[in-house]
Amino acid sequence: MDGDAPAITCSNIECAFEQQVLFKNLHLKLPVRQITALVGASGCGKSSLLNLMNGLLQPDAGQVRIFGEPLDYTRLPETRRGMGYAVQQIGLMPHMTVERNITLLARLAGWSEAERTERLETLMALMALDPALATRYPHQISGGQAQRVGLCRAMMLNPPILLLDEAFSAVDPITRVDVHARFQTLQRDEPRTVVMVTHDMREAMKLADHLVVMGPGEILQTGAPDGIAARPAGDQVKRLMEVDA
Amino acid sequence: MIRRGLIAVLMLVLSLPAMASELTVGSKADREGHLLGELFAQTLEQAGFDVERRFGLGQTIVTYQALAEGQVDVYPEYTGTIAQAIFKTPEADLSALKDEARSRGLRILPPLGFNNTYALAIKREKAAELGLETLGDMTDAPELRLGLTHEFIERDDGWRGLKASYELPQTPSGLEHGIAYQAINNGRIDMTDAYSTDGDLKRFDLILLEDDKHYFPAYLAVPFVREDLPPRAIDALSRLEGRLSDEAMQTLNAKVSSDGASFAQVAHEFLADQGLVDQGSGPEHISRFERLGSDLIRHLELTVTALVLAALVGLPLSLAVYRTPRLARGVLYTTGLLQTIPSIALLALMVPVFGIGVVPAIIALFLYSLLPIVRAAITALVTVDPLLKKVARGMGLTRRQQLRYVVLPLAAPNLLTGLKTAAVINIGTATLAAFIGAGGLGDPIVTGLSLNDYELVLYGAIPAALLAIVTELVFELIERVAIPAHMRGHTDPRTGA
């Protein structure tokens, strides 16, 4: 179904939120099975752009297409199950154990217990989570562990698309290096389309195959990270690339 | 339509035992009313009717409404009350009252004999000390402390007219008749309104000040009945005409209060003496303990049914409000308004619409439970962390799944608290349901108050209090079983937060 079509296409998007224009005439194509990083100064609309992709934000005009198909706003839950979603604040359900949090979608999708357990163990191992944590509640684990649990949850159904909104930022620097490495391994083994929002340019340069550099409400430049670093299109991009490079 | 449906459902749920009765005898909550009601009931039973007793109804308005609506076929009333409080006419002539009654589909049967008019009572020694003999003498003693019943203060032929007629300087405070004599005995008040046939007057050594201006109208006791009462019943009740003098009534009243005899026994003895019923052992004596069981069961019926209905209506209502925030203000306002109506008033308001008994009591308790349930539920739903709601949507949960797996479990502790509050409030409020004939643990309280019998009051009050405590414990147990420890919202022993 993906053929030559981009994984996600935004065409001529116009979007306002509480009377403030977020985007106007926005166009964007994201390549299949690659990691795209959305970067830019805070408040430029990175998270909003991500939310346009899974329908948490609905454009006033223009179209979002997923693998060539227009996003159907009447069937969002189905579409979203094909798009894992993890956010900075994690949002684990406090009344569910780690195991329940990770496997909730699989339960609802009718997976057998064996299937669920196998996938759970694989994901937890991948994210360097002690299997003993499975029976704990979110308030009984550390912030870094919780963020990795959030990533496991997003990947439970093995979705072709993964949307990450600052999903690595609550992990301490040492663990982050480890999680990055595991994430890259995972991407090599089960390649999928990843869209990640990050304020950390170093993280973007390290993980992303494709970079989308944003200014307030607009896209300044897209392309391979090295290419953008070598030939920034204008001063804004240049300044952004210099911050951490 | 909805109302009729609701009543039908309630009737089914409770399978009311009223079906077999042919006639229903009512009475107000006071002792004399109770006793006369029992006299009527036994007279009708002697005449071959099945009789249901609905004694201890609230004050005049509730009991009269019950008669007018056909919930009650007969109850004892006084001509003065019929004229002033019910027909609201200055006309006190009996035949005029009878005409008015007929125009309302009711009948006033021949008076029983005595005139139980209003009077003001005072301790014999206090009256002697101040030199009080007549109501007119009160103008010279402005320091007298009056504790009057609310009904007496309000009615046109009560305090207002009396004060104007005699130019009395005192300002009364309102209190229940049942505690007035104790208050006099303890020296908290000096005078109260009393009925001239009150059996307690002797017991507390009280005298009545003479109504030298003949202000108070006649209060002849009569059977107040529905016009469609069978002729045989009317004949039977008419045979009571003139049987009770003022002294005879005082003696009967005193027997119930001082001797502790039951209404049924005193009524039976009197009727047997008069040759109106067969001699014999009289009515079966039911012990207080036996009655306690049935009172308790009825109390639970009232509170549990009302609570379940309130939960069934309140929770979906809260969900609707949660999804349509514009409704929230209106719903909270309406349920809040219901809560501000004093419970006894809400119960009284039910009578014209739903009559008396279990159904209006449950409806009133249901309305009363709505606010704590709806308020807690809306708060619970609205305060669920928006991040978790966003994540649930972003993960791809449907609306139903978001509710089932995220919103409701997170709201559960507060939802339970709302139910618990409603249940506990209900148990207390349900004791007032006895005033509209719904029975329950309020029955011994109401009867005890009318008899100055505090032991009997405790027979209702203690089980009601225990029931409230048990309810708390049951809800705590449910919480323990249903909600993980860290979600219970109690203080964290480690952090104190």
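Just the heavy atoms: all of them, side chains too, but no hydrogens, waters or symmetry mates, feed the values below. Throughout, a chain's letter reflects where its sequence line sits, starting with A, and its residues are numbered from 1.
Only the side chain of A:Leu104 comes within less than 4.5 Å of a heavy atom of chain B; its backbone N, CA, C and O stay farther away. For a residue to count as touching a neighbouring chain, one of its non-hydrogen atoms must lie under 4.5 Å from one of that chain's; by this rule A:Leu157 does not touch chain B. Within the 4.5 angstrom heavy-atom criterion, no atom of A:Met156 approaches chain B. For B:Leu387, the part lying under 4.5 angstrom from a heavy atom of chain A is the side chain only. Interface residue A:Arg153: only side-chain heavy atoms are found under 4.5 Å from chain B.
Two residues are said to be in side-chain contact when any heavy atoms from C-beta on lie closer than 4.5 Å; A:Thr36 and A:Pro31 meet this criterion. Between A:His95 and B:Leu410, some side-chain heavy-atom pair lies under the 4.5 Å cut-off. Inter-residue side-chain proximity for B:Glu301 and B:Ile297 is flagged as met; some heavy-atom pair is nearer than 4.5 Å.
The 12-atom threshold is exceeded at CZ of B:Arg323, counting heavy atoms of other residues, nucleotides or ligands nearer than 6.0 Å. Shown here is A:Arg100, whose CZ atom has no more than 12 heavy atoms of other residues, nucleotides or ligands within 6.0 Å.
Using cut-offs of 30° and 60° for the angle between ring planes, the A:Phe168 and A:His180 rings count as perpendicular.
Within residues 44-64 of chain A, the residues having any heavy atom less than 4.5 Å from a heavy atom of chain B are, in residue-number order, A:Asn51, A:Asn54, A:Leu56. Using a 4.5 Å heavy-atom cut-off against chain B, the contacting residues of residues 105-124 of chain A are A:Leu105, A:Leu108.
Here the options are B:Leu371, B:Thr324, B:Val374, the test is side-chain contact (heavy atoms from CB on, under 4.5 Å), and the partner is B:Val331; only B:Val374 passes.
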